[in-house]
2 protein chains.
Amino acid sequence: MKNRPNEISKRERDCLITLEEESPRDFPMRLHQIAVSLKVKPPTALSVIRRLEKKGLAESRDGMVILTESGMRVAKSILLVHRTYEALLCQSGVSENSACYDAAEVDYIIPADDARLILKKIGNPKVCPHGKPIPEEE
Amino acid sequence: MKNRPNEISKRERDCLITLEEESPRDFPMRLHQIAVSLKVKPPTALSVIRRLEKKGLAESRDGMVILTESGMRVAKSILLVHRTYEALLCQSGVSENSACYDAAEVDYIIPADDARLILKKIGNPKVCPHGKPIPEEE
DNA sequence: TCATACATTAGTATCACACTAATGTTATTA
DNA sequence: TAATAACATTAGTGTGATACTAATGTATGA
């Protein structure tokens, strides 16, 4: 399915989250490392980066890649959804590992607004099952 | 993202649900009508049908299309997830229309097992917000 | 300076999605 | 019955995402 404008693919999602979680604040991440994290070859990772650049979510030069402000916002939003859904699943009886895997399949599709409402319904937990904080604002 | 084996795309999902909901019991649906429901041209609908056939989910001859046993099971499973997630969203305060739209974006991705556990957590409602029954067994 | 590590480009391939144009088939109707 | 309308089907094109190999460029450290 062709992505609608502003929509991201699973790979792009994985790349955003990798950058968000593995690159120290304001420090670029090497293309090579991104490729390793995504378990693809560097040219493949590069093409993902190029798509993120087109969408204004990342910037790169000489294999040094950083998220833009916009990219960070999107990543945060995905993490909000991810951790909320993960918490819901765990509260429902799904194992932590399954919950994490399954959450990654939908966290870039579910609207953040829906996640915020679900979060309230399940009792406003402050952290996901792994203990990571659930982002507050956008 | 290439679909893993046994995985279906959004279009295939829409097509399965269309067949499940619009074709009378054991009666085939016309390709033309499927195209209208999916809001695509007949050749496009045909290519979707062909993919479903390859996966053993549908059969067709001369534009007469029916779900296989397997296709019906998959459709039922998607509806279970759809209505469960829809119920969750509505209980959380999402409008009925948004809930339905948003549920269709993820109901073919979320595992039925997860949905069954969520269903229990939200109080085992018997119907979705539209009043349609939530399928029991698989 | 030379080697190595890495980025980048070029070229190929597959799959999902979607279209138009052309052609077949069938069934109704004038 | 012959013509037409309705629909299915095939062929051909195009785009975007994903992924690879092979070739080439570049820069840094030994």
Side-chain angles (χ1 to χ4, degrees), chain A residues 1-19 22-23 27-66 71 74 78 104-109, chain B residues 1-19 22-23 27-66 71 74 78 104-109:
Chain A
M1 174 89 67
K2 198 177 307 179
N3 291 333
R4 283 137 257 171
N6 288 326
E7 208 171 288
I8 63 172
S9 68
K10 180 74 187 336
R11 262 288 177 250
E12 287 159 14
R13 175 263 179 217
D14 289 344
C15 192
L16 280 179
I17 298 304
T18 292
L19 281 162
E22 294 185 31
S23 81
F27 234 82
M29 190 170 173
R30 298 216 120 256
L31 173 64
H32 180 77
Q33 190 52 45
I34 295 173
V36 169
S37 289
L38 297 183
K39 298 187 175 63
V40 298
K41 296 287 176 283
T44 301
L46 184 60
S47 77
V48 178
I49 298 294
R50 292 282 184 256
R51 291 202 304 278
L52 290 178
E53 284 180 317
K54 268 192 201 157
K55 294 174 185 178
L57 303 176
E59 284 174 12
S60 81
R61 220 177 47 241
D62 293 329
M64 311 298 272
V65 187
I66 49 170
V74 172
I78 291 171
E105 296 290 318
V106 294
D107 58 14
Y108 63 106
I109 301 173
Chain B
M1 176 90 68
K2 196 178 309 177
N3 290 333
R4 284 137 258 173
N6 288 326
E7 208 170 287
I8 62 172
S9 68
K10 181 73 187 337
R11 261 289 176 250
E12 287 160 13
R13 175 264 179 214
D14 289 345
C15 192
L16 280 179
I17 298 304
T18 294
L19 281 161
E22 293 185 31
S23 80
F27 236 80
M29 189 170 175
R30 297 217 122 257
L31 173 64
H32 179 76
Q33 191 50 46
I34 294 172
V36 169
S37 290
L38 297 183
K39 297 189 176 64
V40 297
K41 296 287 177 281
T44 301
L46 186 60
S47 76
V48 178
I49 297 295
R50 293 281 186 254
R51 291 201 304 277
L52 290 178
E53 284 180 316
K54 268 190 201 160
K55 294 173 185 180
L57 302 176
E59 285 174 12
S60 82
R61 220 174 49 240
D62 295 329
M64 312 298 272
V65 186
I66 48 170
V74 172
I78 291 172
E105 297 289 319
V106 294
D107 57 15
Y108 64 105
I109 301 173

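Letters A, B, ... are given to chains in the order of the sequence lines, protein chains preceding strands, and every chain is numbered from 1.
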Just how far is it from atom [atom1] of [X] to atom [atom2] of [Y], taken to the nearest 0.5 Å?
| X | Y | atom1 | atom2 | answer |
| --- | --- | --- | --- | --- |
| B:Ser37 | B:Asp14 | OG | CG | 10.0 Å |
| B:Ile8 | B:Leu57 | CD1 | CG | 7.0 Å |
| B:Gln33 | B:Leu31 | CD | CG | 10.0 Å |
| B:Ile49 | B:Glu59 | CD1 | CD | 11.5 Å |

Practice task
From the options C:dT8, C:dA16, C:dA18, select the nucleotide whose nearest atom is closest to the side chain of B:Val40.
Solution key: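 For the B:Val40 side chain, the nearest candidate turns out to be C:dA18.
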
Exercise for the section: Could you check which of C:dA16, D:dA17, D:dT21 has an atom nearest any side-chain atom of A:Glu12? Expected result: D:dA17

Rounded to the nearest angstrom, tell me the gap between atom [atom1] in [X] and atom [atom2] in [N].
| X | N | atom1 | atom2 | answer |
| --- | --- | --- | --- | --- |
| B:Ile8 | C:dC15 | CD1 | P | 18 Å |
| A:Lys54 | D:dG16 | NZ | P | 7 Å |
| B:Leu46 | C:dT20 | CG | P | 16 Å |
| B:Leu38 | C:dC19 | CG | P | 11 Å |
| A:Arg13 | D:dA17 | CZ | C1' | 17 Å |
| A:Lys41 | C:dT9 | NZ | C1' | 18 Å |
| A:Arg11 | D:dA17 | CZ | C1' | 11 Å |
| B:Arg61 | C:dT25 | CZ | P | 15 Å |

Review item, nucleotides 5-7 of chain D N/O atoms under 3.5 Å of protein N/O:
residue : atom : partner : partner atom : Å
D:dC7   : O3'  : B:Arg30 : NH1          : 3.2

Problem - Backbone of B:Glu12 reached by a side-chain donor or acceptor of B:Ser9 within 3.5 Å - result: yes

Exercise for the section: Verify side chain to side chain contact (heavy atoms under 4.5 Å, CB included) between A:Ile66 and A:Ser23, making sure each step is shown before the conclusion. Expected result: CA-CA 8 Å; A:Ile66 49 170; A:Ser23 81; 6.0 Å; no

Shortest non-hydrogen contact between [X] and [Y], atoms and distance:
| X | Y | answer |
| --- | --- | --- |
| A:Gly71 | A:Leu16 | O-CD2, 4.2 Å |
| A:Lys41 | A:Ala35 | C-CB, 4.0 Å |
| B:Lys10 | B:Glu105 | NZ-OE2, 3.5 Å |

Practice task
Determine, for nucleotides 22-30 of chain D in 5'-to-3' order, which nucleotides have protein heavy atoms under 4.0 Å from the base (write B), from only the sugar-phosphate (write S), or from neither (write -).
Solution key: B--------

Exercise for the section: For D:dT10, take OP1 and OP2 only and decide whether either is under 4.0 Å from a side-chain N or O of B:Arg50. Expected result: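 Checking D:dT10 against B:Arg50, a side-chain N or O does come within under 4.0 Å of OP1 or OP2.
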
Practice task
For D:dA17, take OP1 and OP2 only and decide whether either is under 4.0 Å from a side-chain N or O of A:Ser9.
Solution key: no

